[in-house]
Structure formats: C-alpha cells, structure tokens
Amino acid sequence: MVTRKPILAGNWKMNKTPAEAVEFVRALRPKVTPYPQVETVVCPPFVALPAVADALRGVKIGVGAQNMHWAENGAYTGEVSAAMLAGLAGYVIIGHSERRQFFAETDEGVNKKLKAVLAHGLVPIVCVGEDLAQNEAGVTDSFVSGQVRAALAGLSASQATGVVIAYEPIWAIGTGKTATSEVANRVCGLVVRGAVAGLYGEQVAQTIRIQYGGSANEKNIGELMAMPDIDGALIGGASLKVDAFAEMVRITAEQR
Ligand code: PGA
C-alpha cells in the first residue's frame, strides 16, 4: 500500500500585508514544527513571499504562491513567472476557482501553467471543482474529471506523480457549507483519482495527493482526513487564524 504524506496548505487569498504575514508565520512556527509528518504550507500574496520565505528559512513549513503566468518573462503587465517564484516559493496554486471565475482562467491556461511550474521544480496545487448549478444538475463527476484530464494533458507519468490536486466544490468555498466527508471522499477518490488512473494507471493514481477544499476548519478536518482518498486540505478562511490552522495540522498529525 502506498502511503501519501498529508499536505495542508493555507490559501490566504488577498489577505495580510508582508508585516502581518511575517508575524503570522513566526507565531505558527512553534505550533506546527512538532508535526513533521504533515506537510504544512502557507500561500501568502506575492508581495509577502520574500519576507515569509526569509522568516521560514531552515524551517519545515512550505511557502507557496497563489498564481503565476506560464511565460518565462515578457509583455504581461502585472504578472509573475515561475522563474521569478523559484527560490521564494516551493509550491504554486494553479487554477483556483476564483481565478477561473474572476480572471477568466481556462483549462488550457491551467495546463500551460502546470507545465511551467513543473519545469521550475515547484510543486503545483491544481484546483478543480464544480459550481452549485453543476452540482444540482448532477454533472459533477463528468465536469471534474474533464478538468483533471485537461489540466494534466501532455504530462508524463513521472511529472503527474508530483502534482497535488485540490478538489474544491465552488459551492463550499467560503460559504461555511462543507461537502460531507463521504461526498468529498467519493469525488477525490472515484472521480479525481479515477481520472488520474485512466490517464496513467493505478500506480500513479495511488501516489498522487488529493486535497479537499471548501470551508475546511478545525472542527471538520478530523473527519475529512479520516477518509481514505483525502490526503490533505486547501484551506482559506481557517488558515488566516494561527490557532485554527495549527490545530488542523495537529489533528491531521495525530491521525497518521
Ligand atoms: P475556504 O477557501 O476554506 O475559505 O472555503 C478554500 C479555498 O478557496 O481554497
């Protein structure tokens, strides 16, 4: 049986100045470093990355960016490339539903970004998930597996193995409505892992890590992490509070 290291990533979205970010990670550090069995990652806004990377040098807490452009450099005003992130961040969130919804990101763009992230040796956290209308129309499985296949298009099996996929039902993000752990596990396992198995076979599917995201917090993380196909969480609101986030890491560690 393959053991997959649990990964909890805090997606801070557009929150915290560089000074607030540093204060946060200094407070977080002693609370989560006793749990090396969990991969803990914080994803601050771009401008806080240098200060957070400095504050965490030599510390086993990962740093991630929330987005990037697929090109190496060029005439893309306001954008940041993977080459610029390398050295500051070890992870990059790609294709978050807010990027897809408010910034017109497409599956094709997600695929290009994924290739650029991998080319720079960073760990991609690729987000997929259906909205409320799709959920109610019963098309979750086909939609989500289509997003997974589109994101991974053209990747080799060894590249795919290093990808983290976050299943985030849009209706659960920031709403306080979590998918039940059974529903989350079914989509993470049958749909997301199933799509990976269809592309690369069972071994890659069993190795790849799949997070749940959407109103995950210190009250529901235990139940979510007890599920066999959920390997971690992408956490928005609850990751902005040191104690809540640290508690999620502790609960996860104690289950493993
Ligand atoms: P939430 O956000 O935990 O606040 O629902 C999760 C996310 O958008 O990644």
Side-chain angles (χ1 to χ4, degrees), residues 6-16 20-21 24 28 32 38-46 48-49 52 61-68 89 91-105 110 113-114 117 123-132 134-135 140 143-144 147-148 151 163-181 183-185 187-188 192 209-225 227 230-252:
I7 174 167
L8 296 197
N11 173 13
W12 292 359
K13 309 190 180 184
M14 198 169 71
N15 293 289
K16 297 192 193 292
E20 289 165 348
F24 182 99
L28 182 70
V32 303
V38 178
E39 204 166 311
T40 301
V41 181
V42 291
C43 303
F46 285 134
L49 286 174
V52 168
I61 297 177
V63 180
Q66 298 173 16
N67 178 37
M68 48 149 268
Y91 303 77
V92 187
I93 299 172
I94 300 174
H96 189 279
S97 61
E98 287 150 18
R99 302 284 327 162
R100 296 180 191 253
Q101 188 181 351
F102 303 129
F103 302 96
E105 289 202 4
V110 168
K113 289 182 180 194
L114 183 46
V117 169
V123 177
I125 300 177
V126 179
C127 304
V128 296
E130 81 287 2
D131 66 19
L132 186 61
Q134 290 164 326
N135 185 276
T140 297
F143 181 74
V144 170
Q147 282 184 316
V148 172
V163 176
V164 176
I165 301 178
Y167 166 59
E168 299 203 301
I170 296 172
W171 48 269
I173 296 178
T175 58
K177 277 194 226 164
T178 326
T180 63
S181 43
V183 167
N185 186 64
V187 182
C188 287
V192 177
R209 293 184 296 174
I210 303 171
Q211 297 174 311
Y212 166 78
S215 299
N217 58 38
E218 67 279 28
K219 295 189 186 73
N220 56 33
I221 191 73
E223 205 185 304
L224 289 163
M225 291 305 301
M227 291 290 153
I230 300 178
D231 306 315
L234 185 56
I235 306 152
S239 79
L240 295 171
K241 294 172 264 171
V242 174
D243 287 340
F245 189 51
E247 181 62 3
M248 294 174 83
V249 173
R250 187 191 66 78
I251 292 168
T252 301

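For the single chain, residues carry numbers from 1 onward in sequence order. We count ligands from 1, going down the list as the structure has it; atoms in each ligand are counted the same way.
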K.L.:
N/O of Thr175 under 3.5 Å from N/O of ligand 1, yes or no?
P.N.:
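The answer is no, given that Thr175 and ligand 1 share no N or O pair closer than 3.5 Å.
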K.L.:
Are the side chains of Asn220 and Asn217 in contact, using a 4.5 Å heavy-atom criterion?
P.N.:
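Contact flag for Asn217/Asn220 side chains = yes.
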K.L.:
Return the closest protein heavy atom for atom 3 (O) of ligand 1 as residue, atom name and distance.
P.N.:
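For atom 3 (O) of ligand 1, the nearest protein heavy atom is Gly236 N, 2.8 Å.
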K.L.:
Taking 4.0 angstrom as the limit and counting only heavy atoms of Gly174, give me the atoms of ligand 1 inside it, by number and element.
P.N.:
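Under 4.0 Å from Gly174, ligand 1 has these atoms: 1 (P), 4 (O), 5 (O).
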K.L.:
Testing the basics here: between Val38 and Val249, what is the closest heavy-atom pair and its distance to 0.1 Å?
P.N.:
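Nearest heavy atoms, Val38 then Val249: CG2-O, 3.8 Å.
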K.L.:
Tell me whether the rings of Trp12 and Phe24 are parallel (<30°), tilted (30 to 60°) or perpendicular (>60°).
P.N.:
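Perpendicular: the ring planes of Trp12 and Phe24 meet at over 60°.
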K.L.:
Under a 4.0 angstrom heavy-atom cut-off, which atoms of ligand 1 come close to Ser215?
P.N.:
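That gives atoms 1 (P), 3 (O), 5 (O) of ligand 1.
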K.L.:
Check each heavy atom of Asn11 against ligand 1 and say whether those closer than 4.0 Å belong to the side chain, the backbone, both or neither.
P.N.:
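Just the side chain.
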K.L.:
Checking side chain to side chain donor-acceptor pair (under 3.5 Å) between Glu105 and each of Arg99, Arg100, His96, which is the one that passes?
P.N.:
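Of the listed options, the one satisfying the test is Arg99.
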K.L.:
Under the side chain to side chain contact (heavy atoms under 4.5 Å, CB included) criterion, do Leu8 and Ile221 qualify, and how do the steps go?
P.N.:
CA-CA 10 Å; Leu8 296 197; Ile221 191 73; 4.2 Å; yes
K.L.:
With a cut-off of 4.0 Å, which atoms of ligand 1 are near a heavy atom of His96?
P.N.:
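In order of number, 7 (C), 8 (O), 9 (O).
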K.L.:
May I ask you to list the atoms of ligand 1 that are less than 4.0 angstrom from any heavy atom of Gly237?
P.N.:
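Taking each heavy atom of Gly237 in turn, ligand 1 has 1 (P), 3 (O), 4 (O) under 4.0 Å.
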K.L.:
List the atom of Gly64, the atom of Leu49, and the distance in Å for their closest heavy-atom pair.
P.N.:
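So the minimum-distance heavy-atom pair works out to O-CD2, 3.5 Å.
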K.L.:
Are Asn67 and Lys113 packed together at the side-chain level, in the sense that at least one heavy-atom pair is separated by less than 4.5 angstrom?
P.N.:
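A side-chain contact exists here, since the closest heavy-atom pair is under 4.5 Å.
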K.L.:
Scan for side-chain hydrogen bond (donor to acceptor under 3.5 Å, both in side chains) pairs involving residues 232-245, sequence neighbours excluded, and state none if there are none.
P.N.:
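side-chain hydrogen bond (donor to acceptor under 3.5 Å, both in side chains) check on residues 232-245 returns Lys31-Asp243.
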K.L.:
Do ligand 1 and Ile173 have nitrogen or oxygen atoms that lie under 3.5 Å from each other?
P.N.:
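The answer is no, given that Ile173 and ligand 1 share no N or O pair closer than 3.5 Å.
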K.L.:
Atom 7 (C) of ligand 1: which protein heavy atom is closest, and how many Å away?
P.N.:
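Checking every protein heavy atom, the shortest distance to atom 7 (C) of ligand 1 gives Glu168 OE2, 3.1 Å.
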K.L.:
Considering only heavy atoms of Leu234, which atoms of ligand 1 have at least one such atom less than 4.0 Å away?
P.N.:
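Reading through ligand 1 atom by atom, the close ones are 6 (C), 9 (O).
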K.L.:
Should you measure from each heavy atom of Lys13, which atoms of ligand 1 turn up under 4.0 Å away?
P.N.:
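Going through ligand 1 atom by atom, the ones under 4.0 Å from Lys13 are 2 (O), 7 (C), 8 (O).
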K.L.:
Where's the contact between Ala172 and ligand 1, heavy-atom distance under 4.0 Å: side chain, backbone, both or neither?
P.N.:
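Ala172 to ligand 1: backbone contact only, side chain stays beyond 4.0 Å.
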K.L.:
Would you please test Glu98 and Ile173 for side chain to side chain contact (heavy atoms under 4.5 Å, CB included) and show each step?
P.N.:
CA-CA 10 Å; Glu98 287 150 18; Ile173 296 178; 3.7 Å; yes
K.L.:
At less than 4.0 angstrom from any non-hydrogen atom of Gly214, what atoms of ligand 1 do you find?
P.N.:
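Close to Gly214: 5 (O).
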